[in-house]
Amino acid sequence: MLVRLLYASRATDAIDDALMHSIVERSRANNLEHGITGILSVYPEGGIFLQVLEGARSQVNALYGNLLRDRRHRDVTLLHYAEIEERHFAAWRMGSIDLKKVNRSTILRFSEKPVLDPFSMSGGGALALLEELAHTAAIVSRDVGQGG
Ligand SMILES: Cc1cc2nc3c(=O)[nH]c(=O)nc-3n(C[C@H](O)[C@H](O)[C@H](O)COP(=O)(O)O)c2cc1C
């Protein structure tokens, strides 16, 4: 029984390599162990996280509970939650949204304005945008925390 969950949040402090390292190190091991896949995308200039999680309902719900209590981000906003037949993000990846590579018209397709603001988007729109970004290399992988 699989679910997909999408949320956006605002980083409490600047999004730098030290912060990402602290998040990613734990996440890689945990997610592998719990069968959770997805993308953690960060938009450093905007101080925004946009994360999609897929996996067993019990595991995804438990992780979301942890995420809500995590002081490294705030305004955790549930954008989309659905039961799914199949994963769309079958590996766990972490990447930065490189706005220079994102076509403003792509953002405008899913948003009211041509600025990336997941908090003002519908859940379906935010998910569609994330899938599009993932497939157009507008999310560049970050290699922090992979050193082991
Ligand atoms: C933006 C953000 C994304 C996170 N993503 C994950 C994740 O994908 N998997 C994970 O286990 N923890 C993630 N965390 C950390 C969790 O909030 C929490 O600290 C962690 O699950 C606790 O793990 P532990 O019980 O092993 O200490 C994330 C934290 C932040 C701020």
Side-chain angles (χ1 to χ4, degrees), residues 1-102 106-107 110-111 115-148:
M1 165 59 210
L2 293 169
V3 299
R4 178 178 302 124
L5 183 156
L6 176 72
Y7 76 86
S9 64
R10 294 192 171 90
T12 312
D13 299 312
I15 298 178
D16 57 15
D17 280 355
L19 173 67
M20 295 316 297
H21 189 89
S22 73
I23 293 173
V24 169
E25 213 176 20
R26 199 54 161 259
S27 300
R28 276 189 205 287
N30 277 353
N31 293 357
L32 193 65
E33 183 187 339
H34 298 136
I36 289 177
T37 58
I39 295 189
L40 170 59
S41 53
V42 301
Y43 167 32
E45 291 86 353
I48 288 173
F49 294 110
L50 186 60
Q51 186 172 27
V52 59
L53 298 166
E54 294 176 341
R57 177 169 57 201
S58 57
Q59 297 291 352
V60 170
N61 289 358
L63 175 55
Y64 190 64
N66 285 344
L67 284 161
L68 286 171
R69 285 189 295 272
D70 196 317
R71 300 252 173 116
R72 291 170 290 188
H73 61 175
R74 60 190 165 81
D75 302 344
V76 179
T77 304
L78 185 62
L79 299 176
H80 175 87
Y81 185 96
E83 295 180 356
I84 56 170
E85 306 287 318
E86 191 186 330
R87 296 178 197 244
H88 283 179
F89 304 90
W92 192 73
R93 288 179 50 208
M94 220 271 306
S96 250
I97 298 175
D98 184 350
L99 262 201
K100 290 186 288 300
K101 292 189 179 174
V102 181
T106 302
I107 295 176
F110 302 105
S111 321
V115 288
L116 183 59
D117 178 15
F119 295 93
S120 69
M121 297 176 71
S122 73
L127 185 64
L129 176 64
L130 191 60
E131 296 206 22
E132 173 107 2
L133 295 182
H135 290 120
T136 54
I139 297 182
V140 295
S141 72
R142 292 176 70 116
D143 287 334
V144 293
Q146 293 208 69

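Counting starts at 1 for both ligands and their atoms, in listed order. Residues: numbered from 1 along the sequence shown.
- By the neighbour-count criterion of 12 heavy atoms within 6.0 Å, atom CZ of R26 is sparsely surrounded, having that number or fewer from other residues, nucleotides or ligands.
- Considering L32, I39, L67 only, the shortest heavy-atom separation from atom 4 (C) of ligand 1 involves L67.
- Between R26 and ligand 1, at least one N/O pair is under 3.5 Å apart.
- Side-chain contact check for L63 versus H34: every heavy-atom pair is 4.5 Å or farther apart.
- Two residues are said to be in side-chain contact when any heavy atoms from C-beta on lie closer than 4.5 Å; I15 and M20 meet this criterion.
- Surrounding CZ of R57 are at most 12 heavy atoms belonging to other residues, nucleotides or ligands under 6.0 Å away.
- Atom 31 (C) of ligand 1 has its closest protein heavy atom at I23 CD1, 3.6 Å.
- Annotation: atom 5 (N) of ligand 1 to nearest protein heavy atom, Q51 NE2, 3.2 Å.
- For the pair L19 and D13, the minimum side-chain heavy-atom distance is 4.5 Å or more.
- Protein heavy atom at the shortest distance from atom 25 (O) of ligand 1 is N66 ND2, 4.5 Å.
- Figure legend: R4 and F89 shown without cation-pi pairing, the cationic atom not lying both under 6.0 angstrom from the six-membered ring centre and within 45 degrees of its axis.
- The proximity of L63 to ligand 1, defined as any non-hydrogen pair under 4.0 Å, is limited to the side chain.
- Considering backbone and side-chain N/O of N31, one or more are found under 3.5 Å from N/O of ligand 1.
- Under a 4.0 angstrom heavy-atom cut-off, Y7 registers as being in contact with ligand 1.
- Residue S27 holds the heavy atom nearest to atom 12 (N) of ligand 1 of all those in A29, S41, S27.
- Distance check for atom 19 (O) of ligand 1: a protein heavy atom is found below 4.0 Å.
- For the salt bridge (charged side-chain N to carboxylate O under 4.0 Å, His left out) test, residues two or more places apart in sequence or in another chain that qualify with R72 are D70.
- Proximity of Q51 to L67: side-chain heavy atoms (C-beta onward) are separated by under 4.5 Å at one or more points.
- Geometrically, ligand 1 and N30 share a nitrogen or oxygen pair separated by less than 3.5 Å.
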